[in-house]
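Taking it in order: structure first as structure tokens, then the write-up.
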Amino acid sequence: MSLIDRIIWQIEMRLHQPVSLESLADACAVSPYHMARSFRQVTGMSPMTYLRARRLSVAAIQMIGGDDDILHIALDAQYTSHAAFTRAFARYFGVPPQNIRKARSLDHVKLMEPLKMQQDMIVDVAAPEIRTRDAFRVIGLAAKTSFGNNSPIPPLWQALNSRLDEFDSDQVDAAYGVCCDADGNGNFRYVAGVAGRTNDAAPKNMEDVKVPAGRYAVFTHKGHIADFPKTVYTVWNKALPDAGLEPRPAPEFELYDQRFDVATGRGIVELWIPIK
């Protein structure tokens, strides 16, 4: 069973029980970081956001299909009071629960159905190489984004390519795409840049990120860059768990060197995942 399928299964089993991010991750045999990172990439939301949406959706169905009082339904959905449940319900669906009970209809309510893994995103990925790398610094252009949303990233690379003459020639032999400063909701900073010397000043309007030393699982993507998201998806949701590897909360990065052709978008890209 894939990691995402495991997460969804564990959530469905715990809709009517107290759940924390840590206990859910423990049930899925991964760290909270790995779980949140993978789930946000696939669904665009955090595991706990999905859990709340599922609980409220089940509660809405209960209200039109039975005569349980709203407080009983609220407690079943793990809300401690009628008022807290009503606020959450109205915020999510746009109408208070009393309206749903009175109408006995969900025609104008969008429920969160149980999610399923996107099987068409799973591709063949070779087993990773385990490597150790010293700390290094990347200088380049940055943007705030989130796992599962790649739209801010291509413009960064286009802008960086137009400014490579601001670096020494030996610095542009390889480029790095670094995912850093990730939070528990799957938001992060992406830096597209080149290796920078320790004391180099960043060019105007550029940022830097320091990547610490450590162990990495290095996966190889071959082909067009347009298919790279499928490789990343597969790595986080299947290849890492299948290999029994546990990521650590540190920047992950893509390495583009002479094996990748910028003009055609084809070649080899290495994906470096920090592991324990």
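Given the structure is predicted, the values throughout are model-derived calculations rather than measurements.
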Heavy-atom closest pair, residues I64 and R104
O-NH1, 3.5 Å
Indicate the atoms forming the closest heavy-atom contact of I100 with A60, along with that distance.
CG2-O, 4.1 Å
Measure centre to centre between the rings of Y190 and F253, then say whether the value is under 6.0 Å.
no
Distance col, row I122:CD1 vs T231:OG1, nearest 0.5 angstrom, shows 10.5 Å
Ring centres of F39 and Y50 under 6.0 Å apart?
yes
Mark yes or no for whether R259, through its side chain, and G267, through its backbone, hold a donor-acceptor pair below 3.5 Å.
no
Are the charged groups of K222 and E270 less than 4.0 angstrom apart, N to O?
no
Any I275 side-chain heavy atom under 4.5 Å of Y216 side chain:
no
Side chains of L3 and K238 in contact at under 4.5 Å (non-hydrogen atoms):
no
So how far is it from L271 CG to H221 NE2, rounded to the nearest 0.5 Å?
10.5 Å
In this structure, NZ of K276 is separated from NE2 of H34 (nearest 0.5 Å) by 11.0 Å
Heavy-atom closest pair (L71 atom, S81 atom, distance to 0.1 Å) is CD1-C, 4.3 Å
Looking only at heavy atoms, the pair that brings A175 and W157 closest together is CB-CZ3, 3.7 Å
Would you say L75 ends up clustered with I73 if hydrophobic residues are merged whenever their side chains have heavy atoms under 4.5 Å apart, either directly or through other cluster members?
no
Under 4.0 Å between a side-chain nitrogen and a carboxylate oxygen: does that hold for E207 and R189?
yes
Out of curiosity, does W236 fall in the hydrophobic cluster containing V123 (side-chain heavy atoms, cut-off under 4.5 Å, transitive links)?
yes
Exam field: side chain R6 to backbone C28, donor-acceptor pair closer than 3.5 Å:
yes
Please round to the nearest 0.5 Å and tell me the distance separating atom CG of D26 and atom CG of L24.
9.5 Å
Flag for E246-S31: side-chain donor and acceptor within less than 3.5 Å
yes
Cationic N near anionic O, under 4.0 Å, R197 to D168
yes
Under 3.5 Å donor-acceptor, R54 side chain and L111 backbone
no
On a heavy-atom basis, which atom in Q78 and which in L15 lie closest, and how many Å separate them?
CG-O, 4.1 Å
Which of parallel (below 30°), tilted (30 to 60°) and perpendicular (above 60°) describes F85 and Y79?
perpendicular
V191 versus A142, closest heavy-atom pair with distance
CG2-CB, 3.9 Å
Find out if a path of hydrophobic residues (ILVMFWY) with successive side-chain heavy-atom gaps under 4.5 Å connects L115 to M48.
yes
Using 0.5 Å steps for rounding, measure from the CD1 atom of I139 to the CG atom of L160.
11.0 Å
Check whether any side-chain heavy atom of F188 lies under 4.5 Å from a side-chain heavy atom of D181, and answer yes or no.
no
Transitive ILVMFWY side-chain link V211 to F167, under 4.5 Å:
no
Does D134, at its CG atom, have more than 12 non-hydrogen atoms belonging to other residues, nucleotides or ligands within less than 6.0 Å?
no
May I ask you to decide if A159's main-chain N or O and S162's side chain share a donor-acceptor pair within less than 3.5 Å?
yes
Should I70 and H82 be marked as a side-chain contact (heavy atoms from CB on, under 4.5 Å) after you check the CA-CA gap, both sets of side-chain angles, and the distance that decides it?
CA-CA 7 Å; I70 292 179; H82 187 297; 3.7 Å; yes
Would you indicate whether the side-chain heavy atoms of R52 and Y92 approach each other to under 4.5 Å?
no
Working note: D173 + Q258, criterion side-chain contact (heavy atoms from CB on, under 4.5 Å); need CA distance, chi angles, decisive distance, verdict.
CA-CA 7 Å; D173 290 340; Q258 70 279 359; 6.0 Å; no
Please step through side-chain contact (heavy atoms from CB on, under 4.5 Å) for the pair R163 and M206, ending with a clear verdict.
CA-CA 10 Å; R163 297 184 60 182; M206 289 194 183; 3.6 Å; yes
Using 30° and 60° as the class limits, which term best fits the ring planes of F93 and F89: parallel, tilted or perpendicular?
tilted
Do E252 and V235 come within less than 4.5 Å of each other through their side chains, counting heavy atoms only?
no
Backbone N or O of N187 within a donor-acceptor pair of the S146 side chain at under 3.5 Å?
no
Does the side chain of P128 reach to within under 4.5 Å of the side chain of L245, using non-hydrogen atoms?
yes
Would you say that more than 12 heavy atoms from the other residues, nucleotides or ligands in this model lie under 6.0 Å from the NE2 of H108, or not?
no
Between CD of Q17 and CG of D76, what distance do you get to the nearest 0.5 Å?
10.5 Å
With hydrophobic residues grouped by side-chain heavy-atom distances under 4.5 Å, do M45 and I7 end up in a single group?
yes
Please examine the side chains of V269 and I225, heavy atoms only from C-beta on, and report whether any two atoms are closer than 4.5 Å.
yes
Walk me through it: do W272 and F219 pass the test ring pair (Phe, Tyr, Trp, His ring centres under 6.0 Å)?
CA-CA 7 Å; W272 290 57; F219 295 88; over 10 Å; no
Could you check R55 against V19 for side-chain contact (heavy atoms from CB on, under 4.5 Å), going step by step and ending with a plain yes or no?
CA-CA 12 Å; R55 283 173 169 168; V19 177; 3.8 Å; yes
Is any NZ, NE, NH1 or NH2 atom of the basic residue among D208 and R137 found under 4.0 Å from an Asp or Glu carboxylate oxygen of the other?
yes
Does the side chain of L164 reach to within under 4.5 Å of the side chain of V194, using non-hydrogen atoms?
yes
